[in-house]
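All residue numbers refer to positions in the sequence shown, counting from 1. These values consider heavy atoms only, across backbone and side chains, with no hydrogens, waters or symmetry-generated copies. Computed from a prediction, not measured in an experiment: that's the story for all the values here.
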Amino acid sequence: MTTGDEEFAELRPLLFTIAYEILGSAADAEDIVQDSYLRWRDVNAATVAHPRRYLVQTVTRQSLNHLRTVRRRREDYIGSWLPEPIRTGPDASADTVLAESVSMAMLLILETLGPTERAVFVLAEVFGYSQVEIADMVGKSDVTVRQILHRARRHVQARRQRFQLDDTAPKVVGQFLRAAKTGDIAALLDLMAPDVVQISDGGGRVRVASRPIAGAERVAAFCSGLARRQMAAMTAEFGTYNALPAVLFHAEGALDSILLFEIADGRVTRLYAVRNPEKLRAARTLQPLTLGRETHGNDHG
């Protein structure tokens, strides 16, 4: 392995994390990182004074370009669109900033930003890059980046909800599944926040609820009915995806869906069901994530 390969391998978790948070797609992020590696391989690493800065800029610009091309596709998406879930380890769950940044709730908020706003917000608020650094990465002036960041922060703050990692999550998920399978509506209601929302993504390829379902009674009835019709013939496996507790459902040995739980104060606040087969292809792959904050300062002026 060459020095350049070693440097890239060391930075790969950071590059993937940046690409994923800008794109919301693990498959697209992997493609961007791989293409960046091929470009890096053609460069004489000894001539690059700051490999980290060079590679982050490369990945950022490629991610931005790709996001602009897929936006129309997402606007025409059949049913609700959810980010592609990624399997995460204890490192992601242990870091509150990282956990929130890859959570379904935050990725859905980021989806409502324009491409440049999204990249600028992610680089500044999540990864801690200065506005001068970001200006160079996205090809804008410092003043323009400051204005973009101000708009993006205001937009996100207006939609952001309190994020917490709940220690009771595994217990709550287990109780939730038992209540759903037995049709215990009262128990389900006790386990859910009154304003709970369930969102399903089938991508037009498999049957799911076409619109979000809101309210504890409606979500309880939906989950109980679904469990009676489908879950009895499936096997369940617990996991952690996007730093959230999740359940993988298998039908006849194949992965059918992933259900992610957002839990606060011992109650389920959001349910995200991903059934689109395109988004389940790499579900088994553990994705090392990092924010890489340690080597650069913050300039939010």
R87 side-chain N/O to G239 backbone N/O, donor-acceptor pair under 3.5 Å: no
Minimum-distance pair of heavy atoms, taken over all atoms of A243 and V102: CB-CG2, 4.5 Å
Donor-acceptor side-chain pairing of S36 and Q62 below 3.5 angstrom: yes
K279 and D201 ion-paired at < 4.0 Å: yes
I134 reachable from V143 in the ILVMFWY side-chain graph, under 4.5 Å edges: no
Backbone of V120 reached by a side-chain donor or acceptor of Y129 within 3.5 Å: no
Ion pair check, R39 and D35, cut-off under 4.0 Å: yes
Backbone N/O of G202 and side chain of R275: donor-acceptor pair under 3.5 Å: no
Side-chain (E133) to main-chain (S130) donor-acceptor, under 3.5 angstrom: yes
Pair D195 + R270: basic N to acidic O under 4.0 Å: no
Worked check of side chain to side chain contact (heavy atoms under 4.5 Å, CB included) between R61 and M137: CA-CA 7 Å; R61 291 189 175 181; M137 291 176 193; 5.6 Å; no
Over all atoms of both residues, closest heavy-atom pair of L255 and F249: CD1-O, 3.5 Å
Distance in Å, R159 CZ paired with Q157 CD, rounded so as to fall on 0.5 Å steps: 11.0 Å
T144 side chain to K140 backbone, donor-acceptor under 3.5 Å: no
Interatomic distance, E84 atom CD to E30 atom CD [nearest 0.5 angstrom]: 9.0 Å
Same apolar cluster: V219 and L260, side chain cutoff 4.5 Å: no
Nearest heavy atoms of L188 and A180, plus distance in Å: CD2-N, 3.9 Å
Cluster overlap L23 with I86, hydrophobic side-chain contacts below 4.5 Å: yes
Between OG1 on residue T17 and CZ on residue R12, distance to nearest 0.5 Å: 9.5 Å
Result block: side-chain N/O donor-acceptor pairs under 3.5 angstrom for residues 104-117, not counting sequence neighbours:
from, atom 1, to, atom 2, distance (Å)
E111, OE1, R74, NH1, 3.0
E111, OE1, R118, NH1, 2.7
E111, OE2, R74, NH1, 2.9
T112, OG1, I109, O, 2.5
T112, OG1, H155, NE2, 2.7
T116, OG1, R68, NH2, 3.1
E117, OE1, G114, N, 3.2
E117, OE2, R151, NE, 3.4

Between CZ on residue R160 and CD on residue E100, distance to nearest 0.5 Å: 4.0 Å
Closest non-hydrogen atom pair between V172 and G266, with its separation: CG2-O, 3.6 Å
V70 reachable from F16 in the ILVMFWY side-chain graph, under 4.5 Å edges: yes
Sole residue of V138, N65, I32 in side chain to side chain contact (heavy atoms under 4.5 Å, CB included) with T60: V138
Polar side chain donor-acceptor pair, N242 to Y20, under 3.5 angstrom: yes
Partners passing ring-ring contact (aromatic ring centres under 6.0 Å, His included) against F176 (at least two apart in sequence or in another chain): F261
Donor on one side chain, acceptor on other, T182 and R178, under 3.5 Å: no
Point-to-point distance, once rounded to the nearest 0.5 Å, from CD of Q131 to CG of D142: 7.5 Å
Smallest separation among heavy atoms of D95 and V97, with atom names: OD1-N, 3.1 Å
More than 12 heavy atoms of other groups within 6.0 Å of E237 CD: yes
Side chains of D28 and H66, donor plus acceptor under 3.5 Å: yes
Within 6.0 angstrom of E252 CD, more than 12 heavy atoms from elsewhere: no
Approximate separation, where rounding is to 0.5 Å, of L98 CG and L291 CG: 4.5 Å
Heavy-atom pair with the smallest gap, counting every atom of A193 and T269: CB-CG2, 4.1 Å
Same cluster (ILVMFWY, side-chain, under 4.5 Å), Y77 and I258: yes
Pair Q198-S200, side-chain donor/acceptor within less than 3.5 Å: yes
Sidechain-backbone polar pair: W40 side chain, G4 backbone, donor-acceptor under 3.5 Å: yes
Over 12 foreign heavy atoms within 6.0 Å of CG, D167: no
